[in-house]
2 protein chains.
Amino acid sequence: MKSDTVFKRAFNDALDVVAALGVGESLPSESVMSARLGVSRTTVRKVLARLAAGGIVAGSGRHKVVRAVPDVPRFPKAETVPMAAQVEARFMEWMLRDDARPGTVINELELARQFGVATTGIREFLNRFQRFGLIEKRPNAGWVFKGFTPAFALELFEIREMFELRSARTFAAAPGGSPFWSQLEAMRTEHVALLAEVDRRYHDFSDLDSRFHRLINSAAPNRFIDSFYDIITLIFHYHYQWNKRDERQRNETAIREHLTYIDALLGRNASIVELACRAHLASARETLIRSTQEGAEGRPPRGRGRAGSA
Amino acid sequence: MKSDTVFKRAFNDALDVVAALGVGESLPSESVMSARLGVSRTTVRKVLARLAAGGIVAGSGRHKVVRAVPDVPRFPKAETVPMAAQVEARFMEWMLRDDARPGTVINELELARQFGVATTGIREFLNRFQRFGLIEKRPNAGWVFKGFTPAFALELFEIREMFELRSARTFAAAPGGSPFWSQLEAMRTEHVALLAEVDRRYHDFSDLDSRFHRLINSAAPNRFIDSFYDIITLIFHYHYQWNKRDERQRNETAIREHLTYIDALLGRNASIVELACRAHLASARETLIRSTQEGAEGRPPRGRGRAGSA
DNA sequence: TGGTCTTTTTTAATCGATAAAAAACAGTTT
DNA sequence: AAACTGTTTTTTATCGATTAAAAAAGACCA
């Protein structure tokens, strides 16, 4: 049976919309709600029906009004994320946090049981995840985890450097009136703000980092580069989440490097841009490599393990 | 039920092995056969059992001999290709040959019926095929075909040029004693041989092309580049198969470009290598772009179609 | 030790069911 | 007629169970 995470998330969001309107106000039309919540009208109607049942809205047809400030319980957050996202998170956790060592054979059935989903879900995830270069399929013999190793980090950054330099050059050559410049200025402001509060907000950097690099790329869109950035984003997202060593310091350094990089772009000097870009990537690469090594050291040497055997 | 294409192919291959041995000879051990046929011992035993039933081999245990020259019918070729490969071929055909236009919505159920496979097979293929940048998933709303367009060709070749130049440089810098040089020489010989018989054998170029570029890449392996070459190989494989315009001429040109490129590499002059490499890629890009345009022109303008509606 | 016979695991593929969500269609109201 | 809502049809997502094929592991033997 299909999960109703879409409905649940839409319901939670709808509570916010209703609360923002206030008692007595009339609700926007179903199609407007549909656009606002990012779901189909069918789902909007289901949400509306539930709200009516809870006494939060009243009326029917085109005359619906807010009856009461919502005080019904929201759906727990875990129920609002789609199955595929959960599988992804659990897998990344298994890979980056637990002792997943190179050569480990991935057993679909075992993972399915462990994650509490059907094998089809696992298969689908593995098929999509294949392109990230961390697992490999051997026909008729399942999947092998290739390892989150220094080699992986090196290969990743070799490509990343090629792509980023190419995009940075194009970006720096954008015409003066281009909207990119104002977006970059806004990005700069965000960086400065984050730096000022880095002690408290350093967790927010992962997201800013991803948005920044995607902005650079958007100067000359290329679907293959975009798709490659999905890998970077995913790896860094989970890596930032779990590698706690020197976390604040690492992020502060990266923010400063970004600022240098941004200023170089704003200065539009190709060679300075290249320097700043290379410097940042080199430092990011070091961080990632170190973390792949740490992971390997911390674990006792063992034979070829099996997924989920620990 | 799982298809037994592996068994059928192994059986056909085994007939060759047995025929090569001749009547009266004793068979190699099961593990040797397993390695020779590229399947597990379990499957070898099944093949052996079938051969015994057909009176082709006799004996048991470690004493098995060829009884008769095989004259049993082979399994038809269509039954020896796995389902996934069939889906791929049919989909590529639909995309490149039929009227698949940008924006077409892909309907899983319809494709499944059309191809005669279960929806799960289609889903799995689409998930894997996603990374090729030709289709896109919209959550809860299926897949959209983005189109085999000039933009696709341009983006593809932008990346290809970056990767190929990088690999060619590394290759040219390989030490004198490296095995790459002899492999390249062998490759050169193959090219010369193909050129001599180009009128008859121009179909063989597609495969040679793929092997040549992969050899260049192998000088400095990078999993992301390898994976990108899967895209190139797939596109070109089917493209060569179906775009018949000027086929012989196109291939002859490409072979000559390859030879120039190979000689440049053998000469180890970085700037000449770069020139030859760029020239070849530019010409390959033109061919692909032209073919994406032709496709579009040949079709009558229509609204947003649906997969399989024609 | 290198082989074969036997058993256990795991994958590949299908089928059917069901609820969710989207999309299309058909009316209504202003 | 444009903007809605009510209703119906399609399509997707997910599960679970099933089956045969293949692979892998284990037991045994010359």
Side-chain angles (χ1 to χ4, degrees), chain A residues 1-10 27-34 37-49 59-64 82-84 86-87 105-112 116-124 126-127 137-143 306-307, chain B residues 1-10 27-34 37-49 59-64 82-84 86-87 105-112 116-126 137-143 306-307:
Chain A
M1 165 184 45
K2 191 174 184 175
S3 70
D4 57 354
T5 53
V6 175
F7 162 71
K8 285 173 176 165
R9 189 179 41 71
L27 287 169
S29 84
E30 290 177 357
S31 10
V32 171
M33 289 284 279
S34 154
L37 301 175
V39 295
S40 74
R41 244 190 70 220
T42 313
T43 309
V44 168
R45 299 193 101 237
K46 205 175 149 188
V47 168
L48 253 26
S60 73
R62 45 192 80 190
H63 300 296
K64 296 195 237 11
M83 182 269 269
Q86 282 180 30
V87 171
V105 174
I106 296 167
N107 181 326
E108 291 181 1
L109 212 69
E110 205 161 349
L111 277 191
V117 296
T119 47
T120 38
I122 301 287
R123 281 174 73 77
E124 203 165 307
L126 293 173
N127 269 315
K137 191 192 183 92
R138 295 172 308 164
N140 286 320
W143 301 87
R306 298 213 137 213
Chain B
M1 165 182 46
K2 189 174 183 174
S3 70
D4 56 354
T5 52
V6 175
F7 162 72
K8 284 174 177 164
R9 191 180 38 72
L27 286 169
S29 83
E30 291 179 353
S31 10
V32 171
M33 288 284 280
S34 153
L37 300 174
V39 296
S40 74
R41 246 192 68 222
T42 313
T43 308
V44 168
R45 299 195 99 237
K46 207 175 147 187
V47 168
L48 253 27
S60 73
R62 46 192 78 191
H63 301 296
K64 296 195 232 19
M83 182 270 272
Q86 282 180 20
V87 171
V105 174
I106 296 166
N107 182 325
E108 292 180 0
L109 212 67
E110 206 160 350
L111 277 191
V117 297
T119 48
T120 38
I122 300 287
R123 283 176 72 76
E124 202 164 310
F125 168 75
L126 293 173
K137 192 193 183 92
R138 294 173 308 163
N140 287 318
W143 302 84
R306 298 213 134 214

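Naming: A, B, ... by sequence-line order, numbering from 1 per chain.
Summarising the geometry, the separation between CD1 on A:Ile122 and C1' on C:dA12 is reported as 16 Å, rounded to the nearest angstrom. Atom CG of B:Leu48 and atom P of C:dT4 are 9 Å apart (whole Å). Atom CG of A:Asp4 is separated from atom P of C:dA22 by 12 Å (rounded to the nearest Å). Rounded to an integer number of Å, the gap from CG of A:Leu109 to P of C:dA12 is 13 Å. One atom, CZ of B:Arg9, and another, C1' of D:dA22, lie 12 Å apart when rounded to the nearest Å. Distance NZ (A:Lys8) to P (C:dA20): 9 Å, rounded to an integer number of Å. Rounded to whole Å, atom P of D:dG16 lies 17 Å from atom NZ of A:Lys2. Whole-Å rounding puts the B:Arg138 CZ to C:dA21 C1' distance at 13 Å.
Between A:Thr43 and C:dA22 there is a side-chain N or O to OP1 or OP2 distance below 4.0 Å. Contact check, A:Asn107 against C:dT10: a side-chain N or O comes under 4.0 Å of OP1 or OP2. Contact annotation: B:Lys46 reaches the phosphate of D:dA21 (side-chain N/O to OP1 or OP2, under 4.0 Å). In this structure, B:Ser40 does not reach the D:dA22 phosphate: none of its side-chain N or O atoms is under 4.0 Å from OP1 or OP2.
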Per-nucleotide protein contact string for nucleotides 1-7 of chain D, where B marks a base within reach and S marks sugar-phosphate only (heavy atoms under 4.0 Å, - for neither): --BBBBB

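The side-chain heavy atoms of B:Phe125 and A:Asn127, taken from C-beta on, include no pair separated by under 4.5 Å. Counting only heavy atoms from C-beta outward, the side chains of A:Thr120 and A:Glu108 never approach each other to under 4.5 Å. In this structure the side chain of A:Phe7 reaches within 4.5 angstrom of the side chain of A:Val47, judged on heavy atoms. The shortest side-chain heavy-atom distance between B:Glu124 and B:Met83 does not fall under the 4.5 Å cut-off.
Position along DNA chain D of the nearest nucleotide to A:Gly121 versus B:Ala141 favours B:Ala141 as the more 5'-ward residue. If you find the closest nucleotide of DNA chain D to A:Pro82 and to B:Gly38, the one lying nearer the 5' end belongs to A:Pro82. In this structure, B:Met83 and B:Pro139 both approach DNA chain C, and ranking their closest nucleotides by distance from the 5' end singles out B:Met83.
In this structure, the side chain of B:Arg138 engages the main chain of B:Ala141 through a donor-acceptor pair within 3.5 Å. The backbone N or O of B:Glu110 sits less than 3.5 Å from a side-chain atom of B:Asn107, completing a donor-acceptor pair. Side-chain N or O atoms of A:Ser34 include one that pairs as donor or acceptor with a backbone N or O of A:Val39 at under 3.5 Å.
Within the nucleic acid shown, B:Thr5 comes within 4.0 Å of sugar-phosphate atoms alone, with no base atom in reach, counting heavy atoms only. Residue A:Gly142 is in sugar-phosphate contact alone, with no base atom involved, counting any heavy-atom pair closer than 4.0 Å across all strands shown. Within the 4.0 angstrom heavy-atom criterion, only backbone atoms of the sugar-phosphate kind lie near A:Lys137; the bases stay farther away.
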Trace of the side chain to side chain contact (heavy atoms under 4.5 Å, CB included) decision for A:Lys64 with A:Glu30: CA-CA 10 Å; A:Lys64 296 195 237 11; A:Glu30 290 177 357; 4.0 Å; yes

